[in-house]
Amino acid sequence: MGRGKLRIYLGAAPGVGKTYAMLSEAHRRVERGTDCVVAFVEHHDRPRTEVMLHGLEQVPRRRLEYRGGVFPEMDLDAVLARRPQVALVDELAHTNIPGSRNAKRWQDVEELLAAGVDVISTVNIQHLESLGDVVESITGVRQQETVPDEVVRRADQVELVDMSPEALRRRMAHGNIYQPDKVDAALSNYFRPGNLTALRELALLWVADRVDAYLTQYRSDHRVSRIWGSRERIVVGLTGGPEGRTLIRRAARLAEKGAGGEVLAVYIARSDGLTSASPKELALQRTLVEDLGGTFHHVVGDDIPAALLAFARGVNATQIVLGSSRRRTWQYVFGPGVGATVARESGSDLDVHIVTHDEVAKGRGLPVARGARLGRSRRVWGWLVGVAGPPVLAALLSAVDLGLANDMLLFLALTVAAALLGGLFPALASAAVGSLLLNYFYTPPLHRWAIADPKNIVAIVIFVAVGAAVASVVDLAARRTHQAARLRAESEILSFLAGNVLRGETGLEDLLERVRETFGMESAALLERASDVEPWTCAGRAGQGRPVERPDQADVDMPVGDHMALALTGRVLPAEDRRVLAAFAAQAAVVLDRRRLQEEADRARTLAEGNRIRTALLAAVSHDLRTPLAGIKAAVTSLRSEDVEWSEEDRAELLEGIEEGADRLDHLVGNLLDMSRLQTGTVTPLIREIDLDEVVPMALGGVPEGSVDLDVPETLPMVGVDPGLLERAMANLVENAVKYSPSGTPVLVAASALADRVEVRVVDRGPGVPDEAKDRIFEPFQRYGDAPRGAGVGLGLAVARGFAEAMGGTLDAEDTPGGGLTMVLTLRAAGPRPDLLHVAEHAAEPERQAS
């Protein structure tokens, strides 16, 4: 059986009618004879939606208990067993109640689809995972229930259920969405006109992109090459020249005139890389087109008109914008040019705009050679061979008559050697000197600067031309080799940035040190200031060079925005290095921003934790502390009453109640004070070496006699702890274990030595704790399971772990074999006990004497 099909009704906000539309579709399918059931639909007490459920088969829901309540959920197993043709599953982004098979409802839908069941579902635009931050910035509400975008994109059909903000607010005011007591709050908060308009725009844009993807896929599947002008897409052809900015702005104005216009700037680079485009100019043009809402594309192609047209047709463009040719009049003898070729071959479905600019007919400058990228020794040998080689060869040939043809080949070989060694200029020198010597010594009339036979003139011209050609190829190859090596180095540097920096694996100082090492500088510093009138401050620095207080004091400074700069000292960098330096500067700013955001997040987390603890503390004071106080107050009032004559047994019982309440208060207040000390970092343990059997028995005073079995051998090594903190931690652990142990089953407290550690295990036979909750029980103000309110404020285990970590130990929870929970307190062993060493020495003395 094949995979089922998914249809999704997408809405901009609750109440637009997604569920109603889904139920209407279900009724239409049932009327056509389709087996359609309601797996889960939530009508939210909306009468019209509830009426639509009539006449549709509903699969009974599964009810799950969670935190004292009972919640209905979709019974996935029942739906799979029923195996309908179509299942209705509302609220795709819903989070299932713990205990369900899957954590999310969209995962339940995936199982239904895999079983061959078609599914119709609903989702709001704010529940798409990628739009969470956008929706939060619009509404101020962070959506906790989300669905991955890919799940919705994979749907076979996505239908938008749209409604204007005004109509939706009217529905809300009439009570058709929420209960009357919630209407005013909703209208003044989430359902404000601005919020609804922005959410509606998000939904429309998302569906429009989805439709565009469908259209692109259809054109690809059916091999449609003809352009369909469903929307204006304008392709701008860039050459890397300064006229590109004019073309981009012109294209942007054209796009504004059409509905949904889009600008795509494209630069066609030859595959051999022999183009003269300015990387700096292309970077500026990329920034400009992105600022205007367009996109920048880099395409490789040797036939520029064909590559440009192929790109335009591939993106379903409707217009192409090109600049008037920069070639001079005489250069048209080599061909009509890119603009004329594109206009001729564009066909009737693609308009071509030729835009004039200031660079028309000014010519395209060729890249200026900065000199052959050859080593110094090669250049020296090249000049020696090129200048001194021809006279030496002429002297050698004076003793042998090989003929003019052979003489020219030998001089040509010498010129090629000079080119291979030294590049262009040594080869040209060799060709010039060689041609003169050939003319004087070997071309009739001899020993005269004249040539009698015209054929020899041709030969010498060819000789010079071949020498120059070979030299130019060698020079070009040397420059390309240097460029390739440089680009490889740049790619490795940028790969470092993309890998380490963007993953947050490099700090600001490490990045600055990498900058200093990469460019061989003495120091690197990131400077910033709050405004133009504020002084510069150093956000980070690496290296041992002279300190820099302002960018103008550095040998190299790279601005990052308006109020930040990367400053380097040591030497002046060439212009070609500044491109990579700009990437480093931008990433340094990103790292600094991320570090500050992390610091703010840590501060916010600390404040939130403090607020949570204060809130829980108030709750504890309001209940857990008031209860024993109320009991003590009632007992004291009763004892002081003169209207009642209390018997000795009654007085003893009341006094016992007062004592128990006071002990309970003392325990609660002690834990609260301990927790406050841990939270404020004022716990300073006084570590000293002590035996466990001196401390652990003292921690059992707060539990009933006979409720604990103690197994702490006297032979254990001493531990380095704070006795007071250890006693408090053990008391909390034991009291917690006794609280959850079955009646009549004592708790086991056992200690053992393991390598350089001592482990104390507090073992109970209670209900135990699942693995996912073992860390949570150590958080402050946490009660596990159905612990009664009077059982404490949930600080005992948190205090115990805090004290253990303050002493350099650890506290973890493990399952007790056979059921229950074991608390494992690990402490650092201080060494063998001195008394045991003394006993061991006396025991070994007779053996030494006997030997």
Side-chain angles (χ1 to χ4, degrees), residues 270-276 330-331 333-334 363-488 574-576:
R270 294 187 184 277
S271 59
D272 57 10
L274 303 180
T275 55
S276 59
W330 62 269
Q331 292 177 306
V333 299
F334 299 106
R364 292 187 64 173
L366 295 177
V368 178
R370 299 291 182 182
R373 305 297 182 177
L374 300 173
R376 181 177 180 182
S377 61
R378 285 187 61 179
R379 293 198 300 271
V380 171
W381 277 104
W383 280 107
L384 286 175
V385 172
V387 175
V392 174
L393 180 60
L396 294 175
L397 290 178
S398 63
V400 183
D401 185 11
L402 300 178
L404 179 60
N406 292 326
D407 294 338
M408 292 187 66
L409 288 176
L410 289 174
F411 276 99
L412 179 60
L414 194 64
T415 300
V416 171
L420 293 175
L421 289 172
L424 178 62
F425 295 108
L428 292 177
S430 177
V433 175
S435 63
L436 292 174
L437 293 176
L438 282 170
N439 183 11
Y440 189 81
F441 289 105
Y442 307 104
T443 306
L446 300 178
H447 306 294
R448 293 180 59 187
W449 303 105
I451 301 175
D453 189 353
K455 294 180 180 179
N456 293 334
I457 297 177
V458 175
I460 292 178
V461 171
I462 294 175
F463 166 78
V464 175
V466 170
V470 171
S472 64
V473 170
V474 172
D475 182 75
L476 182 62
R479 285 190 286 114
R480 293 308 174 202
T481 301
H482 173 79
Q483 291 176 1
R486 178 174 184 81
L487 291 175
R488 179 179 179 182
E576 56 189 2

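The residues of the chain are indexed from 1 along the displayed sequence. A quick note: this is a predicted structure, and the numbers were derived from the prediction, not measured.
- Taken from OG in Ser430 to CZ in Phe425, the straight-line distance is 15.0 Å, to the nearest 0.5 Å.
- For the pair Val433 and Pro391, the minimum side-chain heavy-atom distance is below 4.5 Å.
- For Phe411 against Leu397, the heavy-atom pair with the smallest separation is CE1-CD1, 3.9 Å.
- Side-chain contact between Leu414 and Pro390 is present, with at least one heavy-atom pair separated by less than 4.5 Å.
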